[in-house]
Amino acid sequence: WVAKTANLLADELDVGPGAVVALALPRHWLVPVVALATWAAGATLAPGGDPAEADLVVCGPDGLAAASAAAQVLAAALAPLGAPFPPGTLPLGVRDLGREVPPQADRFTGPPPALTDPALRLPTAASAAGVHGALDHAALVTAAEDLADGLGVTEGGRLLLAGALDPVAEVLASAVLPLVRGASVVLVVHPDPARQPDRMRAERVSVAYGLT
């Protein structure tokens, strides 16, 4: 999915070095996919960024109205297995991630970004992950390592994400932290406090992030 999405961004949406991708997805497995694909294509990710300042917005069904200010919109239905929207349900000009990504090539052959290339454009509001301003790829890795250390995620650990996180923390925890720490992530979209202890035992969770 990362390679296919990166090919779509680079080959058909003209998203590459210097471009900004605003990410407006709720918690979903597509968040790390889009983040990693954006970086593979050499572009900058703006979690929660202003659509009017982005070259592309990637959003879910609830973000279509706000995304209309962007030059290009790629919408995800957030259906099981990445399924597309029903035919004829998207506004004119909006591209369907579920239809556009699967036909792409399974391998992305673009050059990797340099450590000094921009990776994250951060919103004005402070992030719960403790990062501010703009980050290049080297700083992105450092921020994810700091988050892992702060949460106590060790090599091979299993991190559960539940509850509300700001967009930057969501990207760091779901897309970057697992790679720098060799960890797994369990995404809980609709947490039920009564079921949480059983879920954590069943998933062999070592650390929970976002829970009170």
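- The two residues Ala71 and Asp55 have their closest heavy-atom pair at CB-O, 4.1 Å.
- Taken together through direct or relayed side-chain contacts under 4.5 Å among Ile, Leu, Val, Met, Phe, Trp and Tyr, Leu161 and Leu78 form part of one hydrophobic cluster.
- When all heavy atoms of Ala77 and Ala83 are compared, the closest pair comes out as CB-O, 3.6 Å.
- The environment of Asp149 atom CG is dense: over 12 non-hydrogen atoms of other residues, nucleotides or ligands sit within 6.0 angstrom.
- Judged purely by atom type and a 3.5 angstrom limit, Ser184 has no side-chain atom pairing as donor or acceptor with the backbone of Arg158.
- Taking 4.5 Å as the limit, every side-chain heavy atom of Val153 sits out of range of all side-chain heavy atoms of Ser206.
- Side chain of Thr5 to main chain of Trp1: a donor-acceptor pair is present (N/O by atom type, distance under 3.5 Å, no hydrogens or angles).
- Electrostatic pairing of Arg201 and Asp198 counts as a salt bridge here, judged by a charged N lying under 4.0 Å from a carboxylate O.
- In the hydrophobic clustering of ILVMFWY residues, with side-chain heavy atoms under 4.5 Å counting as a link, Leu140 and Leu151 come out together.
- Leu45 and Leu115 fall into different hydrophobic clusters, defined by Ile, Leu, Val, Met, Phe, Trp and Tyr side-chain heavy atoms under 4.5 Å apart, directly or through other members.
- Taking the charged nitrogens against the carboxylate oxygens, Arg181 and Glu155 have no contact shorter than 4.0 Å, which rules out a salt bridge.
- At least one side-chain heavy atom of Pro61 sits less than 4.5 Å from a side-chain heavy atom of Phe85.
- Rounded to the nearest 0.5 angstrom, Thr116 OG1 and His137 NE2 are separated by 9.0 Å.
- The structure places CG of Asp14 at 10.5 Å from CG of Leu9, a figure rounded to the nearest 0.5 Å.
- Judged by distance alone, with hydrogens and angles left aside, the side-chain atoms of Trp39 form no donor-acceptor pair with the main-chain N or O of Thr44 at under 3.5 Å.
- With rounding to the nearest 0.5 Å, the separation of OH in Tyr209 from CG in Leu160 is 13.0 Å.
- Hydrophobic clustering, with ILVMFWY side chains joined whenever heavy atoms are under 4.5 angstrom apart, keeps Val101 apart from Val94.
- Here the shortest heavy-atom pairing between Pro191 and Gln196 reads CB-OE1, 3.8 Å.
- Scanning all heavy atoms of the two residues, the minimum distance from Ala41 to Ala10 falls at CB-CB, 4.5 Å.
- In this structure a side-chain-to-backbone donor-acceptor pair under 3.5 Å is missing from Asp96 to Pro84.
- Clustering ILVMFWY residues whenever any of their side-chain heavy atoms sit less than 4.5 angstrom apart, transitively, puts Val176 in the very cluster that holds Val21.
- Panel note: side chain Arg121, backbone Pro47; no donor-acceptor pair is recorded below 3.5 Å.
- Side-chain atoms of Arg199 do not come within 3.5 Å of backbone N or O of Asp192 as any donor-acceptor pair.
- For the pair Leu97 and Leu30, the minimum side-chain heavy-atom distance is below 4.5 Å.
- Here Leu8 contributes atom CG and Phe108 contributes atom CZ; the two are 11.0 Å apart, rounded to the nearest 0.5 Å.
- Residue pairs satisfying the side-chain hydrogen bond (donor to acceptor under 3.5 Å, both in side chains) criterion with at least one member in residues 56-76, sequence neighbours excluded, are absent.
- Rounding to the nearest 0.5 angstrom, the gap separating the CD atom in Glu170 from the CG atom in Leu23 is 9.0 Å.
- Under a 3.5 Å cut-off, the side chain of Lys4 and the backbone N or O of Gln104 do form a donor-acceptor pair.
- The minimum heavy-atom distance linking Cys59 with Leu64 is given by the pair SG-CD2, 3.8 Å.
- For Asn7 against Ala105, the heavy-atom pair with the smallest separation is ND2-O, 3.1 Å.
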